[in-house]
Trainee: 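One structure, as structure tokens, below. Some questions next.
Throughout, residue positions are numbered sequentially from 1 according to the sequence presented. Ligands are counted one by one from 1 in listed order, and the atoms in each one are counted from 1 as well.
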Amino acid sequence: MAETLRFAPAIDGWLRVTTRDVTVGAVTIPAGARCLLLIGAANRDPAAFQDPDRFDPHRPDVGNHLSFGHGPHFCIGAGLARLEAGIAISRLAQTIPGLRLSPEQHRSYKPNVAFRAHRRLLATIDIPASSDEPVARGGATAEVRAG
Ligand code: HEM
């Protein structure tokens with residue numbers, strides 16, 4: 001789950017106002033500046049993650065993402081969000097074992113600087129023809145549209 005949060009964070013950008021001058025690399029941002037913090041870009045920073053564009057749940061630094069922020073305002077709901085997602089995904093996999101993303105799925109997101117929401121999600125369910133026959137791939141395709 002941590003690698004999913006790093007690779008494709010639910011919140012891509014977050015607005016902040018600097019309370020004092022801050023130097024990031026070679027740039028000094030003055031106090032009182034409105035900043036859009038690009039969490040998604042920070043999570044792909046090659047100085048922080050080796051081979052950052054590769055999805056690797058076993059990377060050693062998997063928990064170093066900024067998807068729940070950082071510091072005193074670190075997301076207060078991070079534990080709950082992880083718990084909810086873990087329960088939802090494992091219950092879904094138990095209830096519909098043949099559920100997987102459709103190969104026809106082309107990623108496209110709603111226009112939004114902060115939140116990442118799919119326009120639609122195509123899912124395919126492998127349905128076994130009978131208990132002693134192999135699984136029939138592509139048995140059904142369902143489309144879930146974001147509201
Ligand atoms: C995948 C789900 C979630 C993501 C990606 C997320 C992400 C974030 C981020 C990036 C921040 C800003 C942190 C910062 O400024 O450094 C934040 C703050 C916050 N989040 Fe979440 N969040 C999630 C779920 C939740 C849930 C489930 C709750 C409550 C039940 C929650 C409550 C809060 C609150 C109250 C803050 C403000 C904390 C503060 O300003 O001190 N979040 N979250």
Trainee: Hey, does Asp12 have a side-chain heavy atom less than 4.5 Å from the side chain of Ile39?
Mentor: no
Trainee: Measuring from atom 13 (C) of ligand 1, which candidate in Arg116, His70, His73 has the nearest non-hydrogen atom?
Mentor: His73
Trainee: Considering heavy atoms of the protein only, find what lies nearest to atom 10 (C) of ligand 1 and give residue, atom and distance to 0.1 Å.
Mentor: Ser67 O, 3.5 Å
Trainee: Considering only heavy atoms from C-beta outward, does the side chain of Thr4 approach that of Phe55 to under 4.5 Å?
Mentor: yes
Trainee: At distances under 2.8 Å, what protein N, O or S atoms surround atom 21 (Fe) of ligand 1?
Mentor: Cys75 SG
Trainee: What residues, two or more places apart in sequence or in another chain, satisfy ring pair (Phe, Tyr, Trp, His ring centres under 6.0 Å) together with Phe74?
Mentor: none
Trainee: Could you establish whether Gly71 and ligand 1 come within less than 4.0 Å of each other, counting only heavy atoms on the residue side?
Mentor: no
Trainee: Number the atoms of ligand 1 from 1 as they appear, then name those within less than 4.0 Å of a heavy atom of Leu80, with their elements.
Mentor: 30 (C)
Trainee: Strictly by ring pair (Phe, Tyr, Trp, His ring centres under 6.0 Å), give each pair with a member in residues 16-39 just once, sequence neighbours left out.
Mentor: none
Trainee: Using a heavy-atom cut-off of under 4.0 Å, does the side chain or the backbone of Ala85 touch ligand 1, or both, or neither?
Mentor: neither
Trainee: Just verifying a value: how many Å separate Glu3 CD and Asn43 CG, rounded to the nearest 0.5 Å?
Mentor: 9.0 Å
Trainee: Heavy atoms only: give me the nearest Phe7-Arg54 pair and the separation to one decimal.
Mentor: CE1-C, 3.8 Å
Trainee: Using a plain distance cutoff, I'd like to know if Arg16 has any nitrogen or oxygen under 3.5 Å from a nitrogen or oxygen of ligand 1.
Mentor: yes
Trainee: Decide whether the shortest distance between a heavy atom of Arg82 and an atom of ligand 1 is less than 4.0 Å.
Mentor: no
Trainee: Tell me whether Arg6 contacts the main-chain N or O of Pro52 through its side chain, where contact means a donor paired with an acceptor under 3.5 Å.
Mentor: yes
Trainee: Mind checking ring pair (Phe, Tyr, Trp, His ring centres under 6.0 Å) for Phe49 and listing every partner two or more places apart, or none if nothing turns up?
Mentor: none
